[in-house]
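Below you'll find the structure, written out as structure tokens, and then a few comments.
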Amino acid sequence: MQDRYAGDVGDFLKLGLLRWLVAPSPFIQQLRLGVIWFRVPDESDNDDGKHVAYLDQLSAAGEDLRPLDPDLYDRLGRLVAAGDRSIRTLVPSGVLPPGTVSYDSELTFADLAPTDRAARMVRRERWFHSAMVAVEQCSLVFVDPDSGLRHDGRDVPSYRNHVEKQAYMSEIGQLLERGQSVVAYHHADRSEPVPDQAVSLMNDIHDALGIEPLAVVRASRGTTRLFIVIPAAQHRSDFEARLGALQLSRWGDELRLYRWQNTPVAV
């Protein structure tokens with residue numbers, strides 16, 4: 001996550017999903033949300049983060065999106081209009097559910113030599129340990145890496161440049177091991193069709209952690225974003241109910257669901 005993204009259309013979709021998943025319900029247990037932002041320094045080599053035209057209520061996007069969560073939409077509109085877009089202004093704006101715990105310390109290796117593997121590994125381990133401590137009392141943890149999830153055994157180790165923008169499967173595993181449910185962000189790319197990427201993502205989680213995910217939620221407005229839902233055993237039926245209700249709500253036209261059924265299928 002970069003500060004410059006605060007309030008953009010991706011934030012609206014992401015926060016809307018999280019608010020839905022922990023909304024008070026008389027029939028489903030209340031979950032306390034924790035957010036690990038994986039905040040990295042802002043970049044300036046592209047136009048990412050500038051997608052705020054949806055906040056014009058008279059635009060086609062505004063007419064589509066505001067009815068999904070008017071309170072969230074209006075709060076993000078005020079934040080963007082104020083001109084101070086950052087995680088640290090986003091959190092107190094009221095867009096997160098009451099009681100949410102937010103960990104937003106920056107993760108960067110910019111001041112460490114590329115050859116100093118030991119220092120980079122220690123920094124990441126300490127950073128994630130602090131994040132774990134911060135969200136310890138939360139039942140659901142949202143993990144928000146800038147570009148998504150990475151399998152520990154593939155390609156680039158966690159001390160290399162730019163991997164601060166990714167969360168490793170083993171880090172997700174640490175949250176799951178202590179009984180917390182996880183929703184994690186993953187940015188879709190052009191490696192294969194998006195439905196296949198959703199399947200691959202769920203397969204990777206299953207293979208790496210030995211845990212069956214529940215589903216991937218796809219948000220396709222603007223750029224395609226995937227949110228993998230991995231519930232703890234005691235929360236699985238509740239998330240089933242919440243995602244089922246999501247698909248029957250107005251959000252169902254905006255957020256598509258790919259369910260895990262050993263062989264995952266789209267609905």
Side-chain angles (χ1 to χ4, degrees), residues 10-36 64-73 94-102 135-144 149 172-173 175-186 188 194-195 197-199 201-206 209-221 224-267:
D11 251 10
F12 177 80
L13 298 169
K14 168 177 67 184
L15 294 167
L17 173 62
L18 294 176
R19 284 158 65 106
W20 183 277
L21 291 177
V22 299
S25 169
F27 308 108
I28 301 175
Q29 63 180 307
Q30 184 63 45
L31 301 176
R32 185 181 188 189
L33 177 66
V35 180
I36 302 177
D64 287 343
L65 296 179
R66 188 177 184 276
L68 303 181
D69 191 331
D71 177 73
L72 172 61
Y73 183 96
V95 297
L96 291 166
T100 297
V101 175
S102 178
V135 301
E136 186 174 5
Q137 300 304 314
C138 299
S139 43
L140 170 63
V141 179
F142 176 61
V143 176
D144 194 22
L149 302 183
I172 302 300
L175 296 165
L176 296 168
E177 285 173 3
R178 64 182 189 184
Q180 293 172 298
S181 294
V182 174
V183 175
Y185 169 77
H186 186 79
V194 173
Q197 290 185 55
V199 170
L201 185 59
M202 287 187 277
N203 285 338
D204 282 347
I205 287 288
H206 182 256
L209 304 177
I211 293 174
E212 292 191 353
L214 179 58
V216 166
V217 180
R218 172 182 177 174
S220 296
R221 188 173 291 267
T224 300
R225 304 163 181 86
L226 303 176
F227 302 93
I228 185 165
V229 181
I230 319 166
Q234 68 271 24
H235 301 149
R236 195 173 188 92
S237 62
D238 291 338
F239 277 107
E240 283 272 17
R242 289 181 183 273
L243 290 178
L246 179 78
Q247 291 305 108
L248 296 174
S249 74
R250 285 183 169 185
W251 281 104
D253 292 330
E254 196 67 39
L255 301 177
R256 186 177 185 185
L257 197 65
Y258 300 94
R259 290 186 179 275
W260 169 267
Q261 292 181 353
N262 292 325
T263 303
V265 295
V267 297

Subject >> pair Val182-Leu176: side-chain heavy atoms closer than 4.5 Å >> reply: yes

How long is the span from the [atom1] atom in [X] to the [atom2] atom in [Y], to the nearest 0.5 Å?
X	Y	atom1	atom2	answer
Arg32	Cys138	CZ	SG	5.0 Å
Leu13	Asp69	CG	CG	11.0 Å
Leu96	Arg19	CG	CZ	8.5 Å
Ile230	Leu175	CD1	CG	9.5 Å
Ile172	Leu149	CD1	CG	5.5 Å
Thr100	Leu18	OG1	CG	8.5 Å

**OP:** Name all residues meeting the ring-ring contact (aromatic ring centres under 6.0 Å, His included) criterion together with Tyr185; count only those two or more places apart in sequence or in a different chain, and write none if there are none.
**Re:** Phe227

**OP:** Using ring-ring contact (aromatic ring centres under 6.0 Å, His included) as the criterion, list what pairs up with Phe142, not counting sequence neighbours.
**Re:** none

Please answer whether the main-chain N or O of [Y] pairs with a side-chain N or O of [X] as donor and acceptor at a distance below 3.5 Å.
X	Y	value
Trp20	Arg242	yes
Gln197	Leu226	no
Arg218	Tyr258	no
Gln247	Arg256	no
Gln234	Gly179	yes

Nearest heavy atoms of [X] and [Y], plus distance in Å:
X	Y	value
Ser181	Pro231	OG-CA, 3.4 Å
Arg259	Leu243	NH2-C, 4.3 Å
Lys14	Asp144	NZ-OD2, 2.8 Å
Trp251	Leu68	NE1-O, 3.4 Å
Gln180	Val135	NE2-O, 2.8 Å

**OP:** Go through the steps to decide whether Arg221 and Phe12 satisfy the test side-chain contact (heavy atoms from CB on, under 4.5 Å), and finish with yes or no.
**Re:** CA-CA 11 Å; Arg221 188 173 291 267; Phe12 177 80; over 6 Å; no

**OP:** Under the side-chain contact (heavy atoms from CB on, under 4.5 Å) rule, what do His235 and Leu140 come out as? Steps first, then yes or no, please.
**Re:** CA-CA 9 Å; His235 301 149; Leu140 170 63; over 6 Å; no

**OP:** Apply the side chain to side chain contact (heavy atoms under 4.5 Å, CB included) test between Ile228 and each candidate in Val217, Leu214, Val216; give the one that qualifies.
**Re:** Val216

**OP:** Decide yes or no on side-chain contact (heavy atoms from CB on, under 4.5 Å) for Leu246 and Leu257, but give the supporting numbers first.
**Re:** CA-CA 9 Å; Leu246 179 78; Leu257 197 65; 5.6 Å; no

